[in-house]
K.L.:
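Just passing along the structure, written as structure tokens.
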Amino acid sequence: MEQKVAVITGGAGFLGSHLCDRFVQEGMKVICIDNLITGDLKNIEHLFGNGNFVFFDHDVTNFIHVPGKVDYILHFASPASPIDYLKLPIQTLKVGSLGTHKALGLAKEKGARFLLASTSEVYGDPKINPQNEEYWGNVNPIGPRGVYDEAKRFAEAITMAYHRYHNVDTRIVRIFNTYGPRMRLNDGRALPAFVSQALKGEDVTVFGDGNQTRSFCYVDDLIEGIFRLLLSDVNTPVNIGNPAEITIKQFAEEVIRLTNSTSKIVFKELPQDDPKVRRPDITKAKELLNWEPKVDRETGLKLTIEYFKKQISV
Ligand code: UDP
């Protein structure tokens with residue numbers, strides 16, 4: 001069988017680099033594109049000697065030129081943590097809109113299947129819990145998170161337009177909070193913040209009263225779900241995430257316990273438009289992809305804590 005070729009935008013990022021690993025393991029040729037504004041070559045340097053891996057330093061909001069055939073395009077380029085997209089609002093809007101347009105153009109040109117990394121943020125501060133794919137969401141377009149939420153909503157819209165109008169074979173994954181090795185220690189998200197604070201014996205900063213909820217998925221589970229979605233024939237959005245919901249305060253306590261830390265919790269101001277609840281309804285993924293997460297939070301957290309310990313001691 002002819003070797004498949006996959007283009008992964010954002011391939012040097014947290015999720016993108018795990019996808020690069022998975023696709024190389026599957027025997028495919030991987031073309032990783034990243035401009036390294038939030039990605040890091042450290043995440044992919046172990047692949048540099050591999051003949052089935054190529055890296056291009058490129059901003060995908062500009063025309064993407066890839067020679068030869070392409071079978072799959074996975075569009076994962078975007079700042080993805082609230083702190084990153086507050087710092088990079090224009091880049092976030094551009095990569096979700098112009099970048100998605102360029103990646104779809106490449107898919108159309110090559111006759112490749114296209115998978116969009118969308119997000120639970122399309123549901124905004126949701127008025128239903130858990131969130132299923134039918135829910136249209138509750139997003140503040142002009143709030144601080146709007147740059148990410150609306151960019152991803154636009155990205156979904158243009159993906160469906162290319163599917164319907166140009167017959168591009170598309171997939172949309174709505175990714176819920178995911179964690180694991182290669183998250184950036186300082187990306188501002190709850191999990192890396194709590195783990196690094198706990199490991200250093202610093203105060204653990206819970207925003208608001210800590211009663212807001214999230215549901216954390218271990219990265220290996222997420223990658224498996226994305227892989228199954230890509231190989232499926234489902235064109236409409238599919239939630240991939242772990243439905244085990246926890247309050248942020250309980251989560252902070254759990255991190256302190258698992259790191260054997262003496263850190264104390266301190267409460268800080270809640271950022272504007274911070275979603276009060278978040279939990280994926282994964283019925284669709286279960287039924288159509290036969291997928292559900294396998295790694296429980298304690299197991300996943302222990303693996304992630306080990307990774308962060310090494311990062312801190314470097
Ligand atoms: N959060 C927190 N302390 C931190 C960072 C985040 O309490 O140091 C809270 C944040 O306000 C949110 C939740 O943890 O309610 C998850 O935030 P994160 O930045 O991980 O991502 P989000 O799920 O909001 O996109």
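All values below come from the heavy atoms of this structure, side chains included, with hydrogens, waters and symmetry mates left out. Bear in mind the structure is a predicted one, so any value in this text is a computation, not a measurement. For ligands, and for the atoms within them, numbers begin at 1 and follow the listed sequence.
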K.L.:
Sub-3.5 Å donor-acceptor pair from the side chain of T100 to the main-chain atoms of A155, do we have one?
P.N.:
no

K.L.:
Tell me which protein heavy atom sits closest to atom 1 (N) of ligand 1, plus the residue, atom name and distance to 0.1 Å.
P.N.:
F207 CD1, 3.4 Å

K.L.:
Quick one: which ligand 1 atoms are inside 4.0 Å of a heavy atom on V206?
P.N.:
7 (O)

K.L.:
Any idea which protein heavy atom is nearest atom 15 (O) of ligand 1, and the distance to it?
P.N.:
D274 OD1, 2.6 Å

K.L.:
Around atom 8 (O) of ligand 1, find the nearest protein heavy atom and jot down its residue, atom name and distance.
P.N.:
T205 OG1, 3.0 Å

K.L.:
Side chain of S78, backbone of A80: donor and acceptor closer than 3.5 Å?
P.N.:
no

K.L.:
Above 12 or not: heavy atoms from other molecules or residues under 6.0 Å from NE2 of H101?
P.N.:
no

K.L.:
Going by the order shown, which atoms of ligand 1 are within less than 4.0 Å of some heavy atom of P271?
P.N.:
11 (O)

K.L.:
Are K268 and ligand 1 in contact, using a heavy-atom cut-off of under 4.0 Å?
P.N.:
no

K.L.:
Relative to the heavy atoms of A193, which atoms of ligand 1 are at a distance of less than 4.0 Å?
P.N.:
8 (O)

K.L.:
Got a sec, which pairs hit salt bridge (charged side-chain N to carboxylate O under 4.0 Å, His left out) with one end in residues 221-240, sequence neighbours left out?
P.N.:
R22-E224, E224-R228

K.L.:
Considering only protein heavy atoms, which is closest to atom 14 (O) of ligand 1, and at what distance to one decimal place?
P.N.:
A190 CB, 3.3 Å

K.L.:
For K29, does the NZ atom sit with more than 12 other heavy atoms under 6.0 Å from it, leaving out its own atoms?
P.N.:
no

K.L.:
Taking the six-membered ring for Trp, is the centroid-to-centroid distance between F114 and Y162 below 6.0 Å?
P.N.:
no

K.L.:
Considering only heavy atoms, does S81 approach ligand 1 within less than 4.0 Å through its side chain, its backbone, both, or neither?
P.N.:
neither

K.L.:
Evaluating non-hydrogen atoms only, which member of R145, R214, K276 is closest to atom 16 (C) of ligand 1?
P.N.:
R214

K.L.:
Which label fits F216 and F251: parallel for a plane angle under 30°, tilted from 30 to 60°, or perpendicular past 60°?
P.N.:
parallel

K.L.:
For I158 and M160, what are the C-alpha separation, side-chain angles and deciding distance, and is it a side-chain contact (heavy atoms from CB on, under 4.5 Å)?
P.N.:
CA-CA 5 Å; I158 194 171; M160 289 312 291; over 6 Å; no

K.L.:
Starting from atom 13 (C) of ligand 1, which protein heavy atom do you reach first, and at what distance in Å?
P.N.:
I248 CD1, 3.5 Å

K.L.:
Got the closest protein heavy atom to atom 19 (O) of ligand 1, with its distance?
P.N.:
R189 CA, 3.4 Å

K.L.:
Between ligand 1 and F251, can you find any atom pair, the residue atom being a heavy atom, that is separated by under 4.0 Å?
P.N.:
no

K.L.:
Within the 4.5 Å heavy-atom criterion, are E254 and E298 side-chain neighbours or not?
P.N.:
no

K.L.:
Does the side chain of S215 pick up a donor-acceptor pair with the side chain of E245 at under 3.5 Å?
P.N.:
no

K.L.:
Which protein non-hydrogen atom lies closest to atom 21 (O) of ligand 1, naming both residue and atom, and how far is it?
P.N.:
N177 ND2, 3.8 Å

K.L.:
Looking only at N/O atoms, are R278 and ligand 1 under 3.5 Å apart anywhere?
P.N.:
yes

